[in-house]
Protein chains: 2
Amino acid sequence: MPPPPPGTEPGPRTASVARRPTLKDVAGEAGVHPATASRALNPGTRHLVNDETAQRVLQVADTLGYQPNPIARSLKTARSASIGLVIPDLTNPLFPPIVRGIEDVLGGVGYNAWIVNTDNDPARETAAVESLRSRSVEGFVFATGRLHHPFIERLAAGGTPTVLVNRRLAVSDIPSVTGDDAGGVAIAMRHLVDLGHRRIVHLAGPQDLSTGVNRLRAFRQALEDHGLEDSPARLKLCSAWAESAGAKAVTELLDDGVEFTAVLAGNDLLALGCYDALAGRGLSCPGDVSVVGFNDMPFVDKLSPPLTTVRIPHYELGAEAAHLLLERLRAPDRTTRSILLPLTLVDRQSTAPPRLL
Amino acid sequence: MPPPPPGTEPGPRTASVARRPTLKDVAGEAGVHPATASRALNPGTRHLVNDETAQRVLQVADTLGYQPNPIARSLKTARSASIGLVIPDLTNPLFPPIVRGIEDVLGGVGYNAWIVNTDNDPARETAAVESLRSRSVEGFVFATGRLHHPFIERLAAGGTPTVLVNRRLAVSDIPSVTGDDAGGVAIAMRHLVDLGHRRIVHLAGPQDLSTGVNRLRAFRQALEDHGLEDSPARLKLCSAWAESAGAKAVTELLDDGVEFTAVLAGNDLLALGCYDALAGRGLSCPGDVSVVGFNDMPFVDKLSPPLTTVRIPHYELGAEAAHLLLERLRAPDRTTRSILLPLTLVDRQSTAPPRLL
DNA sequence: CTGAAAGCGCTAACAC
DNA sequence: GTGTTAGCGCTTTCAG
């Protein structure tokens with residue numbers, strides 16, 4: 001049965017008019033004490049009450065359209081069936097699927113997520129978390145992790161159930177769900193090497209983020225594995241995951257006369273900037289240079305050429321993070337663990353002509 | 001001063017250890033009654049208390065790091081300084097900027113937004129709204145409006161402060177903030193006509209949404225204004241704002257031998273599908289057909305050719321919606337009004353060769 | 001101007 | 001099994 005239409009209820013049979021029915025109303029109508037009604041309504045305590053009485057209470061609650069008041073419940077229990085979800089920037093297409101994954105899992109067990117946007121501002125982050133804690137959220141999922149992040153470290157150390165998603169901290173005892181960046185870089189590099197590339201450039205992302213350092217480290221490892229020279233000139237550190245940073249890096253490479261036939265971009269936005277810079281110099285892609293990105297953002301299949309990229313299962317990242325947090329809420333003392341999800345190469349240029357070196 | 005680091009407070013001088021200080025703690029420390037402390041802490045009632053005492057209370061609250069408990073406050077006042085924000089699909093890049101606009105404005109006056117994703121599912125919507133109402137949100141912003149939407153109509157009619165953003169309802173007494181679709185279509189059509197187009201097709205969006213019908217109506221109006229024939233063949237109704245729907249529509253047009261040199265797509269996703277279908281038939285763009293979209297989604301400037309589109313100021317839409325709702329919360333009886341924000345053409349093909357008809 | 005007392009709606013000891 | 005009581009932390013009458 002759908003909940004009663006808001007604002008237009010004819011009113012329960014009790015005296016009051018348009019007020020939402022309270023537990024006391026239900027109890028009164030069912031002829032029991034509010035405490036009994038509470039026990040009957042609560043699945044966890046229902047066994048404490050006579051089966052018949054319980055049924056009657058449920059029945060009355062249903063006809064009255066009773067909905068427990070979560071505020072009152074929170075005040076009493078200091079729990080809220082909700083968690084905080086801290087996102088650096090919702091307009092980055094990376095994050096909405098993570099949010100969806102988290103919400104879907106939480107929703108399945110009656111939990112909600114408070115979503116907050118920090119805009120990458122630590123002050124906003126601390127303020128938001130403080131505000132959420134005062135609302136008795138039971139735990140947090142952070143998508144804002146930095147390698148060194150004292151605030152989250154303290155929060156977790158203080159016993160607040162905390163899970164990281166997409167990005168990890170350097171201290172590793174906080175559970176996290178991330179993509180297997182090392183594995184992703186490995187398949188991307190193998191792809192490039194298989195195409196014949198020997199001079200591959202890496203546009204590395206911010207080195208205060210686990211994604212940035214892990215992909216860079218894996219890039220170096222891959223160079224070694226494939227017997228390629230690890231030339232400092234073929235590495236560009238980008239200070240932000242932004243198109244402009246990618247464009248700047250590639251422009252500098254070209255200006256410096258660095259020779260390369262392929263680019264492993266730390267993510268798709270850097271790859272986009274790379275496209276821009278190459279086009280700006282009249283270089284064709286993949287004719288002159290092959291580019292591989294990271295994330296498989298929406299619409300990168302519409303670029304010309306379509307961007308080959310390493311797909312990260314963001315929805316699943318979120319779903320797993322939610323599971324991890326729920327598990328932690330149920331069994332706070334279980335040892336923590338982190339989850340690495342496999343990445344896959346989305347090859348959109350497999351029909352491209354072999355590289356001319 | 002930053003809030004005390006979570007979980008590691010040395011503890012206030014009162015007996016308790018890691019507990020958050022309560023109003024009673026502050027009152028005790030300041031040597032006043034909790035009620036007085038409450039009055040002093042609350043800007044609205046501060047004038048009721050002696051200036052010195054008030055200062056002392058504020059001082060103590062500060063050193064103790066006191067943060068009022070919003071749950072207790074909500075239980076007492078049935079207010080929450082928060083509103084519900086109902087989004088059909090957060091992964092649609094349209095909506096995150098709206099969310100940001102709303103949050104920025106609300107945050108400025110101490111309000112929060114609960115964001116819920118309905119996934120376009122009415123059942124999820126009613127459930128989410130019910131849940132938010134029970135959390136005492138003070139009002140709602142809906143981005144899920146449909147022309148006929150009994151649920152929202154009842155909610156608003158029942159007195160719940162409600163604002164629509166991006167999409168309106170047919171009943172117009174619910175305040176809304178939307179883009180000026182008619183104006184947007186007019187400039188888009190003028191653009192196409194100025195390029196020399198006479199046979200222009202419209203891919204119309206869902207006709208249960210205000211955006212869909214308004215753009216279609218404006219398209220017809222523009223045909224009339226420019227003295228162009230309003231041929232039913234040059235109109236395609238798409239049942240969803242989706243790439244696939246746009247592709248299907250254009251494919252059908254081509255199959256049916258409909259002659260056209262330009263397409264006004266109801267939004268960018270339909271335009272994307274249009275690109276696909278044209279490419280699939282070996283037609284070049286803008287060589288053979290010009291396309292104009294709607295929204296200026298991220299990265300449509302990266303398509304080839306870059307998509308000319310009507311930009312909707314989504315962030316501002318959100319910001320205005322928040323203002324409207326806040327105004328409504330403050331003065332519930334003021335007459336409602338709706339806001340139309342101007343749209344602008346983002347011409348990315350102005351250098352394109354003139355059309356060969 | 002301040003204190004006392006009540007109560008928002010619910011749950012958890014503790015009786016019976 | 002069920003009722004009684006108390007209280008989560010706050011605001012708001014009502015006295016004084």
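Lettering of chains follows the sequences in order, A, B, ..., and the numbering in each one begins at 1.
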Distance-only donor-acceptor test, Arg39(B) side-chain atoms vs dG3(C) base atoms, 3.5 Å: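 It does, because a donor-acceptor pair links the side chain of Arg39(B) to the base of dG3(C) below 3.5 Å.
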Arg20(B) with Glu130(A): basic N within carboxylate O range, under 4.0 Å: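 Salt bridge present between Arg20(B) and Glu130(A).
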Rounded distance (Å) that lies between atom [atom2] of [N] and atom [atom1] of [X]:
{"X": "Leu41(B)", "N": "dG9(D)", "atom1": "CG", "atom2": "P", "answer": "15 Å"}
{"X": "Arg19(B)", "N": "dG7(D)", "atom1": "CZ", "atom2": "C1'", "answer": "13 Å"}
{"X": "Glu52(B)", "N": "dC1(C)", "atom1": "CD", "atom2": "C1'", "answer": "12 Å"}
{"X": "His47(B)", "N": "dT2(C)", "atom1": "NE2", "atom2": "C1'", "answer": "14 Å"}
{"X": "Leu23(B)", "N": "dG7(C)", "atom1": "CG", "atom2": "P", "answer": "19 Å"}
{"X": "Ile71(B)", "N": "dC8(C)", "atom1": "CD1", "atom2": "C1'", "answer": "13 Å"}
{"X": "His33(A)", "N": "dG1(D)", "atom1": "NE2", "atom2": "P", "answer": "18 Å"}
{"X": "Arg46(A)", "N": "dT2(D)", "atom1": "CZ", "atom2": "P", "answer": "14 Å"}

Residue-phosphate contact under 4.0 Å: [X] side-chain N/O, [N] OP1/OP2:
{"X": "Arg79(A)", "N": "dC10(C)", "result": "no"}
{"X": "Thr22(A)", "N": "dC10(C)", "result": "yes"}
{"X": "Ser38(B)", "N": "dT11(D)", "result": "yes"}
{"X": "Asn69(A)", "N": "dC8(C)", "result": "no"}

Sugar-phosphate, base or nothing in reach of Thr53(B), heavy atoms under 4.0 Å: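 Answer is sugar-phosphate: Thr53(B) comes under 4.0 Å of backbone atoms only.
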Sugar-phosphate only, base, or nothing, as touched by Ser74(A) at under 4.0 Å among non-hydrogen atoms: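 The answer is nothing, as Ser74(A) stays clear of every strand by at least 4.0 Å.
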For Glu125(A), the option from Thr118(A), Thr144(A), Asn117(A) that meets side chain to side chain donor-acceptor pair (under 3.5 Å):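 Looking at Thr118(A), Thr144(A), Asn117(A), the match for Glu125(A) under the side chain to side chain donor-acceptor pair (under 3.5 Å) is Thr144(A).
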The side chain of [X] lies closest to which of these nucleotides: [options]?
{"X": "Ala35(B)", "options": "dT11(C), dA5(C), dC10(C)", "result": "dA5(C)"}
{"X": "Lys76(A)", "options": "dT11(C), dG9(D), dT4(D)", "result": "dT11(C)"}
{"X": "Leu75(A)", "options": "dC10(C), dT2(C), dG9(C)", "result": "dG9(C)"}
{"X": "Asn50(A)", "options": "dC8(D), dT11(D), dT2(D)", "result": "dT2(D)"}

5' priority, DNA chain C, between Arg73(A) and Thr36(B) [closest heavy atom]: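 Closest to the 5' end, via its nearest nucleotide, is Thr36(B).
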Donor + acceptor pair across side chains of Ser82(B), Ser80(B) (<3.5 Å):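 Yes, because at least one side-chain N or O of Ser82(B) sits under 3.5 Å from a partner of the opposite role on Ser80(B).
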Thr45(B) and Arg39(B) side chains, donor-acceptor separation under 3.5 Å: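 There is no such pair (donor and acceptor under 3.5 Å, judged by atom type) between the side chains of Arg39(B) and Thr45(B).
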Spacing of CG belonging to Asp89(A) relative to CG belonging to Asp121(A), to within rounding of 0.5 Å: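 Between Asp89(A) CG and Asp121(A) CG, I get 12.0 Å after rounding to 0.5 Å.
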